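Just so we're clear, the structure is a prediction, and the values are computed from it rather than from any experiment. Heavy atoms only: backbone and side chains are in, while hydrogens, waters and symmetry mates are out. Sequence lines set the chain letters: A, B, ... in the order given, protein chains first and strands last, and positions in each chain run from 1.
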Number of protein chains: 2
Amino acid sequence: MSNNPTIAEPLPNDIQILNSMRQIIRAIDVHSRKLKAQYNITGPQLICLGIIQASGSSTVTKIAHEAHLSTSTVVGILDRLEHEAYILRERDRVDRRNWNVHLTDQADHLLKMVPPSLHYGLLNALQSLPEGEQEVIANAFKRVVSLMGAENLGTALLQKITPVDKSKPPSE
Amino acid sequence: MSNNPTIAEPLPNDIQILNSMRQIIRAIDVHSRKLKAQYNITGPQLICLGIIQASGSSTVTKIAHEAHLSTSTVVGILDRLEHEAYILRERDRVDRRNWNVHLTDQADHLLKMVPPSLHYGLLNALQSLPEGEQEVIANAFKRVVSLMGAENLGTALLQKITPVDKSKPPSE
DNA sequence: TGTTAATATGTCGTACACGAATGATTATTA
DNA sequence: TAATAATCATTCGTGTACGACATATTAACA
(Lines give C-alpha, C1' and ligand atoms only; values in the text may rest on other atoms or scores of the structure.)
Protein backbone atom coordinates (compact mmCIF):
# COMPACT_ATOMS: atom_id res chain seq x y z
CA MET A 1 0.00 0.00 0.00
CA SER A 2 1.48 3.33 -1.03
CA ASN A 3 1.30 5.58 1.95
CA ASN A 4 2.14 9.07 0.88
CA PRO A 5 1.61 11.60 3.63
CA THR A 6 2.82 14.52 1.57
CA ILE A 7 0.71 14.61 -1.54
CA ALA A 8 -2.17 12.52 -2.67
CA GLU A 9 -2.30 12.32 -6.40
CA PRO A 10 -5.90 12.49 -7.63
CA LEU A 11 -7.51 9.22 -8.51
CA PRO A 12 -7.76 8.30 -12.18
CA ASN A 13 -10.76 9.67 -14.01
CA ASP A 14 -12.45 6.34 -14.49
CA ILE A 15 -12.20 5.46 -10.82
CA GLN A 16 -13.52 8.90 -9.96
CA ILE A 17 -16.51 8.36 -12.19
CA LEU A 18 -17.27 5.00 -10.62
CA ASN A 19 -16.97 6.67 -7.27
CA SER A 20 -19.38 9.39 -8.28
CA MET A 21 -21.82 6.78 -9.46
CA ARG A 22 -21.87 5.04 -6.13
CA GLN A 23 -22.43 8.35 -4.42
CA ILE A 24 -25.24 9.21 -6.79
CA ILE A 25 -26.88 5.85 -6.25
CA ARG A 26 -26.66 6.36 -2.53
CA ALA A 27 -28.04 9.89 -2.75
CA ILE A 28 -31.02 8.66 -4.73
CA ASP A 29 -31.65 5.99 -2.13
CA VAL A 30 -31.37 8.41 0.73
CA HIS A 31 -33.75 10.77 -0.97
CA SER A 32 -36.22 7.96 -1.51
CA ARG A 33 -36.19 7.19 2.20
CA LYS A 34 -36.88 10.82 3.02
CA LEU A 35 -39.85 10.74 0.70
CA LYS A 36 -41.04 7.58 2.41
CA ALA A 37 -40.79 9.22 5.81
CA GLN A 38 -42.54 12.38 4.69
CA TYR A 39 -45.14 11.17 2.20
CA ASN A 40 -45.14 7.41 2.77
CA ILE A 41 -44.09 6.91 -0.83
CA THR A 42 -40.75 5.94 -2.31
CA GLY A 43 -38.89 7.21 -5.34
CA PRO A 44 -39.52 4.21 -7.58
CA GLN A 45 -43.19 4.26 -6.58
CA LEU A 46 -43.37 7.92 -7.53
CA ILE A 47 -41.71 7.25 -10.84
CA CYS A 48 -44.25 4.57 -11.65
CA LEU A 49 -47.13 6.80 -10.63
CA GLY A 50 -45.77 9.53 -12.86
CA ILE A 51 -45.52 7.21 -15.82
CA ILE A 52 -49.07 6.01 -15.32
CA GLN A 53 -50.30 9.56 -14.98
CA ALA A 54 -48.54 10.69 -18.14
CA SER A 55 -50.14 7.89 -20.11
CA GLY A 56 -53.51 7.99 -18.43
CA SER A 57 -53.28 4.24 -18.14
CA SER A 58 -50.49 1.77 -18.66
CA THR A 59 -49.45 -1.84 -18.25
CA VAL A 60 -46.73 -3.57 -16.32
CA THR A 61 -44.52 -4.08 -19.33
CA LYS A 62 -44.83 -0.50 -20.53
CA ILE A 63 -44.06 0.88 -17.11
CA ALA A 64 -41.05 -1.38 -16.82
CA HIS A 65 -39.72 -0.13 -20.14
CA GLU A 66 -40.17 3.52 -19.33
CA ALA A 67 -38.78 3.23 -15.83
CA HIS A 68 -35.83 1.10 -16.91
CA LEU A 69 -36.87 -1.69 -14.58
CA SER A 70 -37.70 -5.35 -15.02
CA THR A 71 -41.30 -6.45 -14.99
CA SER A 72 -40.85 -8.44 -11.81
CA THR A 73 -39.60 -5.35 -10.05
CA VAL A 74 -42.54 -3.32 -11.28
CA VAL A 75 -44.97 -5.98 -10.13
CA GLY A 76 -43.68 -5.59 -6.59
CA ILE A 77 -43.93 -1.82 -6.76
CA LEU A 78 -47.45 -1.99 -8.14
CA ASP A 79 -48.42 -4.43 -5.41
CA ARG A 80 -47.48 -1.87 -2.79
CA LEU A 81 -49.16 0.95 -4.66
CA GLU A 82 -52.31 -1.11 -4.93
CA HIS A 83 -52.15 -1.95 -1.26
CA GLU A 84 -51.97 1.78 -0.53
CA ALA A 85 -54.94 2.35 -2.83
CA TYR A 86 -52.97 4.49 -5.26
CA ILE A 87 -53.70 2.37 -8.30
CA LEU A 88 -56.31 0.04 -9.73
CA ARG A 89 -55.65 -2.97 -11.92
CA GLU A 90 -58.18 -3.82 -14.54
CA ARG A 91 -57.89 -6.63 -16.98
CA ASP A 92 -57.93 -5.55 -20.60
CA ARG A 93 -61.08 -6.78 -22.29
CA VAL A 94 -59.52 -7.08 -25.70
CA ASP A 95 -56.31 -8.79 -24.75
CA ARG A 96 -56.87 -10.44 -21.44
CA ARG A 97 -53.15 -10.90 -20.89
CA ASN A 98 -52.81 -7.19 -20.18
CA TRP A 99 -53.71 -5.50 -16.95
CA ASN A 100 -54.41 -1.81 -17.34
CA VAL A 101 -53.23 0.21 -14.40
CA HIS A 102 -55.07 3.40 -13.43
CA LEU A 103 -54.47 6.02 -10.81
CA THR A 104 -56.99 6.56 -8.04
CA ASP A 105 -58.14 10.00 -6.92
CA GLN A 106 -55.93 9.49 -3.93
CA ALA A 107 -52.92 9.17 -6.20
CA ASP A 108 -53.87 12.30 -8.13
CA HIS A 109 -54.07 14.12 -4.87
CA LEU A 110 -50.71 12.81 -3.79
CA LEU A 111 -49.02 13.79 -7.02
CA LYS A 112 -50.24 17.34 -6.53
CA MET A 113 -48.78 17.43 -3.06
CA VAL A 114 -45.46 16.01 -4.21
CA PRO A 115 -44.38 18.20 -7.11
CA PRO A 116 -42.10 16.64 -9.70
CA SER A 117 -39.23 18.86 -8.66
CA LEU A 118 -39.32 17.09 -5.36
CA HIS A 119 -38.67 13.72 -6.88
CA TYR A 120 -35.08 14.60 -6.69
CA GLY A 121 -33.83 17.82 -5.23
CA LEU A 122 -31.43 17.52 -8.09
CA LEU A 123 -33.93 18.88 -10.56
CA ASN A 124 -34.02 22.26 -8.91
CA ALA A 125 -30.28 22.45 -8.78
CA LEU A 126 -29.90 21.44 -12.39
CA GLN A 127 -32.43 23.93 -13.61
CA SER A 128 -30.54 26.72 -11.94
CA LEU A 129 -27.47 25.96 -14.01
CA PRO A 130 -26.84 27.77 -17.29
CA GLU A 131 -28.26 25.95 -20.24
CA GLY A 132 -24.85 25.17 -21.67
CA GLU A 133 -23.71 23.49 -18.52
CA GLN A 134 -26.85 21.41 -18.29
CA GLU A 135 -26.15 20.20 -21.76
CA VAL A 136 -22.57 19.28 -20.97
CA ILE A 137 -23.72 17.21 -18.02
CA ALA A 138 -26.52 15.58 -19.95
CA ASN A 139 -24.13 14.65 -22.74
CA ALA A 140 -21.61 13.22 -20.31
CA PHE A 141 -24.24 11.01 -18.75
CA LYS A 142 -25.54 9.89 -22.08
CA ARG A 143 -22.04 9.00 -23.17
CA VAL A 144 -21.58 6.87 -20.10
CA VAL A 145 -24.90 5.19 -20.71
CA SER A 146 -23.73 4.46 -24.19
CA LEU A 147 -20.34 3.22 -23.02
CA MET A 148 -22.01 0.86 -20.58
CA GLY A 149 -24.29 -0.47 -23.25
CA ALA A 150 -27.17 0.47 -21.06
CA GLU A 151 -29.23 1.55 -24.01
CA ASN A 152 -29.70 -1.96 -25.24
CA LEU A 153 -30.63 -3.25 -21.88
CA GLY A 154 -34.27 -3.70 -22.42
CA THR A 155 -35.88 -0.37 -22.87
CA ALA A 156 -35.74 2.09 -25.70
CA LEU A 157 -39.43 2.79 -25.69
CA LEU A 158 -39.11 5.85 -23.61
CA GLN A 159 -39.97 8.51 -26.14
CA LYS A 160 -43.20 9.93 -24.93
CA ILE A 161 -44.38 11.16 -28.26
CA THR A 162 -44.91 7.94 -30.14
CA PRO A 163 -46.33 9.62 -33.23
CA VAL A 164 -48.23 6.70 -34.68
CA ASP A 165 -48.77 3.14 -33.71
CA LYS A 166 -51.40 1.61 -35.88
CA SER A 167 -50.30 -1.91 -35.25
CA LYS A 168 -51.83 -1.93 -31.82
CA PRO A 169 -54.72 0.46 -31.22
CA PRO A 170 -54.59 1.63 -27.64
CA SER A 171 -57.56 0.77 -25.51
CA GLU A 172 -58.07 4.34 -24.50
CA MET B 1 -46.55 25.37 -18.78
CA SER B 2 -45.58 25.40 -22.43
CA ASN B 3 -47.13 22.63 -24.41
CA ASN B 4 -45.54 22.24 -27.77
CA PRO B 5 -47.30 19.52 -29.69
CA THR B 6 -45.65 20.34 -32.97
CA ILE B 7 -42.37 18.44 -32.99
CA ALA B 8 -41.01 15.59 -30.95
CA GLU B 9 -38.78 17.91 -29.04
CA PRO B 10 -36.08 16.26 -26.94
CA LEU B 11 -36.71 15.98 -23.25
CA PRO B 12 -35.32 18.68 -20.97
CA ASN B 13 -31.75 18.20 -19.85
CA ASP B 14 -32.59 17.48 -16.26
CA ILE B 15 -35.06 14.77 -17.16
CA GLN B 16 -32.55 13.30 -19.53
CA ILE B 17 -29.97 13.17 -16.78
CA LEU B 18 -32.35 11.42 -14.42
CA ASN B 19 -33.12 9.01 -17.17
CA SER B 20 -29.47 8.32 -17.76
CA MET B 21 -29.03 7.68 -14.07
CA ARG B 22 -31.68 5.02 -14.02
CA GLN B 23 -30.10 3.37 -17.02
CA ILE B 24 -26.70 3.47 -15.40
CA ILE B 25 -28.03 1.99 -12.19
CA ARG B 26 -29.62 -0.79 -14.13
CA ALA B 27 -26.49 -1.42 -16.18
CA ILE B 28 -24.47 -1.74 -13.00
CA ASP B 29 -26.95 -4.20 -11.61
CA VAL B 30 -27.04 -6.25 -14.78
CA HIS B 31 -23.29 -6.36 -14.84
CA SER B 32 -23.21 -7.53 -11.26
CA ARG B 33 -25.48 -10.42 -12.12
CA LYS B 34 -23.25 -11.44 -14.97
CA LEU B 35 -20.32 -11.49 -12.60
CA LYS B 36 -22.33 -13.60 -10.22
CA ALA B 37 -23.13 -16.08 -12.97
CA GLN B 38 -19.57 -16.26 -14.18
CA TYR B 39 -17.49 -15.95 -11.04
CA ASN B 40 -20.05 -16.48 -8.28
CA ILE B 41 -19.28 -13.02 -6.97
CA THR B 42 -21.25 -9.78 -7.23
CA GLY B 43 -20.17 -6.22 -7.89
CA PRO B 44 -20.59 -4.95 -4.35
CA GLN B 45 -18.73 -7.98 -3.04
CA LEU B 46 -15.90 -7.27 -5.44
CA ILE B 47 -15.78 -3.65 -4.37
CA CYS B 48 -15.47 -4.66 -0.74
CA LEU B 49 -12.79 -7.21 -1.50
CA GLY B 50 -10.85 -4.57 -3.41
CA ILE B 51 -11.05 -2.15 -0.54
CA ILE B 52 -9.83 -4.77 1.90
CA GLN B 53 -7.03 -5.73 -0.43
CA ALA B 54 -5.90 -2.14 -0.88
CA SER B 55 -5.68 -1.66 2.85
CA GLY B 56 -4.38 -5.11 3.70
CA SER B 57 -6.97 -5.24 6.42
CA SER B 58 -9.97 -3.12 7.24
CA THR B 59 -13.05 -2.83 9.42
CA VAL B 60 -16.75 -2.69 8.69
CA THR B 61 -16.98 1.03 9.25
CA LYS B 62 -13.99 1.83 7.08
CA ILE B 63 -15.24 -0.33 4.25
CA ALA B 64 -18.66 1.29 4.45
CA HIS B 65 -17.10 4.73 4.18
CA GLU B 66 -14.95 3.89 1.20
CA ALA B 67 -17.68 2.00 -0.61
CA HIS B 68 -20.32 4.65 0.08
CA LEU B 69 -22.51 2.11 1.82
CA SER B 70 -24.07 1.86 5.24
CA THR B 71 -22.55 -0.45 7.80
CA SER B 72 -25.59 -2.67 7.85
CA THR B 73 -25.26 -3.20 4.13
CA VAL B 74 -21.59 -4.05 4.45
CA VAL B 75 -22.30 -6.54 7.21
CA GLY B 76 -24.54 -8.47 4.87
CA ILE B 77 -21.96 -8.44 2.12
CA LEU B 78 -19.23 -9.56 4.48
CA ASP B 79 -21.46 -12.35 5.76
CA ARG B 80 -21.70 -13.74 2.26
CA LEU B 81 -18.01 -13.29 1.60
CA GLU B 82 -17.22 -15.09 4.83
CA HIS B 83 -19.60 -17.88 3.92
CA GLU B 84 -17.72 -18.27 0.65
CA ALA B 85 -14.43 -18.29 2.56
CA TYR B 86 -13.16 -15.12 0.91
CA ILE B 87 -12.58 -13.23 4.15
CA LEU B 88 -11.74 -13.80 7.79
CA ARG B 89 -13.00 -11.72 10.69
CA GLU B 90 -10.72 -11.25 13.63
CA ARG B 91 -11.49 -9.23 16.66
CA ASP B 92 -9.02 -6.44 17.30
CA ARG B 93 -7.02 -7.15 20.41
CA VAL B 94 -6.52 -3.53 21.31
CA ASP B 95 -10.03 -2.26 20.73
CA ARG B 96 -12.30 -5.22 20.97
CA ARG B 97 -15.16 -3.33 19.34
CA ASN B 98 -13.43 -3.56 15.98
CA TRP B 99 -13.36 -6.58 13.78
CA ASN B 100 -10.45 -6.69 11.38
CA VAL B 101 -11.31 -8.19 8.05
CA HIS B 102 -8.64 -10.03 6.06
CA LEU B 103 -8.63 -11.66 2.67
CA THR B 104 -8.04 -15.38 2.34
CA ASP B 105 -5.74 -16.91 -0.25
CA GLN B 106 -8.84 -17.89 -2.12
CA ALA B 107 -9.83 -14.24 -2.39
CA ASP B 108 -6.39 -13.26 -3.63
CA HIS B 109 -6.67 -15.91 -6.25
CA LEU B 110 -10.10 -14.69 -7.24
CA LEU B 111 -9.00 -11.10 -7.53
CA LYS B 112 -6.30 -12.15 -9.95
CA MET B 113 -8.80 -13.98 -12.07
CA VAL B 114 -11.23 -11.06 -12.09
CA PRO B 115 -9.18 -8.08 -13.20
CA PRO B 116 -10.32 -4.67 -12.01
CA SER B 117 -11.26 -3.65 -15.51
CA LEU B 118 -13.92 -6.30 -15.35
CA HIS B 119 -15.67 -4.71 -12.42
CA TYR B 120 -17.41 -2.62 -14.93
CA GLY B 121 -16.86 -2.97 -18.62
CA LEU B 122 -17.13 0.76 -18.41
CA LEU B 123 -13.54 1.09 -17.28
CA ASN B 124 -12.16 -0.22 -20.53
CA ALA B 125 -14.37 2.05 -22.53
CA LEU B 126 -13.47 5.08 -20.46
CA GLN B 127 -9.79 4.46 -20.70
CA SER B 128 -9.99 4.40 -24.45
CA LEU B 129 -11.36 7.93 -24.50
CA PRO B 130 -9.04 10.89 -24.89
CA GLU B 131 -7.88 12.27 -21.59
CA GLY B 132 -9.77 15.51 -22.06
CA GLU B 133 -13.04 13.76 -22.58
CA GLN B 134 -12.52 11.60 -19.54
CA GLU B 135 -12.05 14.72 -17.53
CA VAL B 136 -15.19 16.35 -18.86
CA ILE B 137 -17.20 13.30 -17.87
CA ALA B 138 -15.58 13.03 -14.47
CA ASN B 139 -16.29 16.68 -13.77
CA ALA B 140 -19.88 16.36 -14.86
CA PHE B 141 -20.41 13.46 -12.50
CA LYS B 142 -18.73 15.24 -9.65
CA ARG B 143 -20.88 18.26 -10.20
CA VAL B 144 -23.99 16.15 -10.01
CA VAL B 145 -22.72 14.51 -6.85
CA SER B 146 -22.23 17.95 -5.44
CA LEU B 147 -25.64 19.14 -6.58
CA MET B 148 -27.25 16.16 -4.93
CA GLY B 149 -25.42 16.83 -1.71
CA ALA B 150 -24.10 13.31 -1.93
CA GLU B 151 -20.74 14.39 -0.59
CA ASN B 152 -22.09 15.00 2.86
CA LEU B 153 -23.99 11.81 2.93
CA GLY B 154 -21.92 9.82 5.28
CA THR B 155 -18.54 9.41 3.75
CA ALA B 156 -16.09 12.14 3.06
CA LEU B 157 -13.11 10.07 4.08
CA LEU B 158 -12.41 8.96 0.59
CA GLN B 159 -11.07 12.10 -0.92
CA LYS B 160 -7.48 12.34 0.14
CA ILE B 161 -6.52 15.95 -0.08
CA THR B 162 -7.61 17.16 -3.47
CA PRO B 163 -6.61 20.83 -3.34
CA VAL B 164 -9.72 21.91 -5.17
CA ASP B 165 -11.68 25.04 -4.59
CA LYS B 166 -12.95 25.64 -1.11
CA SER B 167 -15.73 27.86 -2.31
CA LYS B 168 -18.62 25.70 -1.41
CA PRO B 169 -21.90 27.45 -2.13
CA PRO B 170 -23.72 27.55 1.18
CA SER B 171 -26.96 25.80 0.53
CA GLU B 172 -27.88 25.51 4.16
C1' DT C 1 -59.07 -28.75 -34.64
C1' DG C 2 -55.02 -29.15 -31.99
C1' DT C 3 -50.14 -28.11 -31.19
C1' DT C 4 -46.71 -24.93 -30.61
C1' DA C 5 -44.78 -20.36 -30.02
C1' DA C 6 -45.05 -15.73 -28.21
C1' DT C 7 -46.60 -12.52 -24.82
C1' DA C 8 -48.11 -10.63 -20.17
C1' DT C 9 -48.35 -11.08 -15.52
C1' DG C 10 -47.20 -13.11 -11.30
C1' DT C 11 -44.29 -16.09 -7.80
C1' DC C 12 -40.05 -17.38 -5.75
C1' DG C 13 -35.31 -17.10 -4.15
C1' DT C 14 -31.19 -14.19 -3.83
C1' DA C 15 -28.74 -9.96 -2.98
C1' DC C 16 -28.38 -5.49 -2.05
C1' DA C 17 -29.42 -1.11 0.73
C1' DC C 18 -31.15 1.50 4.30
C1' DG C 19 -32.51 3.24 9.24
C1' DA C 20 -33.71 1.93 13.86
C1' DA C 21 -32.83 -0.73 17.67
C1' DT C 22 -29.65 -3.89 20.31
C1' DG C 23 -25.62 -5.55 22.66
C1' DA C 24 -20.75 -5.32 23.52
C1' DT C 25 -16.91 -2.52 24.36
C1' DT C 26 -14.37 1.62 25.25
C1' DA C 27 -14.04 6.50 26.60
C1' DT C 28 -15.55 10.25 29.41
C1' DT C 29 -17.02 12.35 33.32
C1' DA C 30 -19.01 13.08 37.86
C1' DT D 1 -15.54 3.89 41.29
C1' DA D 2 -19.84 4.36 39.07
C1' DA D 3 -22.77 6.37 35.85
C1' DT D 4 -22.98 8.10 31.27
C1' DA D 5 -21.82 8.79 26.61
C1' DA D 6 -19.73 7.31 22.40
C1' DT D 7 -18.41 3.83 19.16
C1' DC D 8 -18.58 -0.58 16.63
C1' DA D 9 -20.74 -4.49 14.78
C1' DT D 10 -24.89 -6.89 14.30
C1' DT D 11 -29.93 -7.92 13.84
C1' DC D 12 -34.44 -6.75 12.16
C1' DG D 13 -38.02 -5.04 9.02
C1' DT D 14 -39.03 -2.80 4.61
C1' DG D 15 -38.31 -1.91 -0.18
C1' DT D 16 -36.11 -2.33 -4.28
C1' DA D 17 -34.11 -5.19 -8.24
C1' DC D 18 -33.14 -9.11 -10.80
C1' DG D 19 -33.56 -13.85 -13.35
C1' DA D 20 -35.77 -18.26 -13.52
C1' DC D 21 -39.85 -20.29 -13.52
C1' DA D 22 -45.03 -20.87 -13.61
C1' DT D 23 -49.59 -19.63 -15.31
C1' DA D 24 -52.89 -17.61 -18.35
C1' DT D 25 -53.90 -15.88 -22.67
C1' DT D 26 -53.33 -14.94 -27.47
C1' DA D 27 -51.16 -15.81 -31.99
C1' DA D 28 -49.34 -18.72 -35.52
C1' DC D 29 -49.23 -23.02 -37.75
C1' DA D 30 -50.29 -27.37 -39.75
Residue list, side-chain contact (heavy atoms from CB on, under 4.5 Å) with [X], at least two apart or on another chain:
X: B:Ile51; value: B:Ile47, B:Ile63, B:Glu66, B:Ala67
X: A:Thr59; value: A:Thr61, A:Lys62, A:Asn98, A:Asn100
X: A:Ser32; value: A:Thr42, A:Pro44

At a cut-off of 3.5 Å, list every protein nitrogen or oxygen paired with a nitrogen or oxygen from nucleotides 11-15 of chain C, distance to 0.1 Å.
residue	atom	partner	partner atom	Å
C:dA15	OP1	B:Lys36	NZ	3.0

Salt bridge (Lys or Arg N to Asp or Glu O under 4.0 Å) partners of [X], counting only residues at least two apart:
X: B:Asp108; result: none
X: A:Arg96; result: none
X: B:Arg33; result: B:Asp29
X: A:Asp79; result: A:Arg89

Are there any protein N/O atoms within less than 3.5 Å of an N/O atom in nucleotides 24-27 of chain C, and if so, which ones and at what distance?
residue	atom	partner	partner atom	Å
C:dT25	OP1	B:Arg96	NH2	3.3
C:dT26	OP1	B:Arg96	N	3.0

Discussion item. Could you tell me the boundaries of the chain A footprint on DNA chain D, defined by atoms under 4.0 Å from its heavy atoms?
Written reply: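 Range of nucleotides within reach of chain A: D:dG15 to D:dT26.
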
Distance check needed: [N] [atom2] versus [X] [atom1], whole Å only.
X: A:Leu35; N: C:dG19; atom1: CG; atom2: C1'; value: 15 Å
X: A:Lys34; N: C:dA20; atom1: NZ; atom2: P; value: 12 Å
X: B:His65; N: C:dC18; atom1: NE2; atom2: P; value: 12 Å
X: B:Leu49; N: C:dC16; atom1: CG; atom2: P; value: 11 Å
X: B:His31; N: C:dC16; atom1: NE2; atom2: C1'; value: 16 Å

Item to complete: Remember a base hit wins even if backbone is also touched, and classify B:Ser70 as base, sugar-phosphate or nothing at under 4.0 Å, heavy atoms.
Response: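 It contacts base atoms.
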
Worksheet item: When we call it a touch if two heavy atoms are under 4.0 Å apart, what does A:Ser32 touch: a base, just sugar-phosphate, or nothing?
Response: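 Counting heavy atoms under 4.0 Å across all strands, no contact is made by A:Ser32.
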
Worksheet item: Side-chain contact, heavy-atom cut-off 4.5 Å: A:His109 with A:Met113?
Response: yes

Worksheet item: Taking for each residue the nucleotide of DNA chain C with the nearest heavy atom, is it A:Thr71 or A:Asp29 whose nucleotide lies nearer the 5' end?
Response: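 Nearest-nucleotide comparison on DNA chain C picks A:Thr71.
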
Item to complete: Quick one: pull up NE2 in A:His68 and OG in B:Ser20 and give me the separation to the nearest 0.5 Å.
Response: 8.0 Å

Discussion item. Among residues at least two apart in sequence or on other chains, which ones pass ring pair (Phe, Tyr, Trp, His ring centres under 6.0 Å) with A:Tyr86?
Written reply: none

Discussion item. Quick check: on DNA chain D, is the nucleotide nearest B:Trp99 upstream (toward 5') of the one nearest A:Thr73, or the reverse? Name the residue that is more 5'.
Written reply: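 Whichever sits nearer the 5' end wins; that is B:Trp99.
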
Worksheet entry | Side-chain cluster (under 4.5 Å, hydrophobic types only) that A:Trp99 belongs to, other residues |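 Members besides A:Trp99: none; it forms no cluster.
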
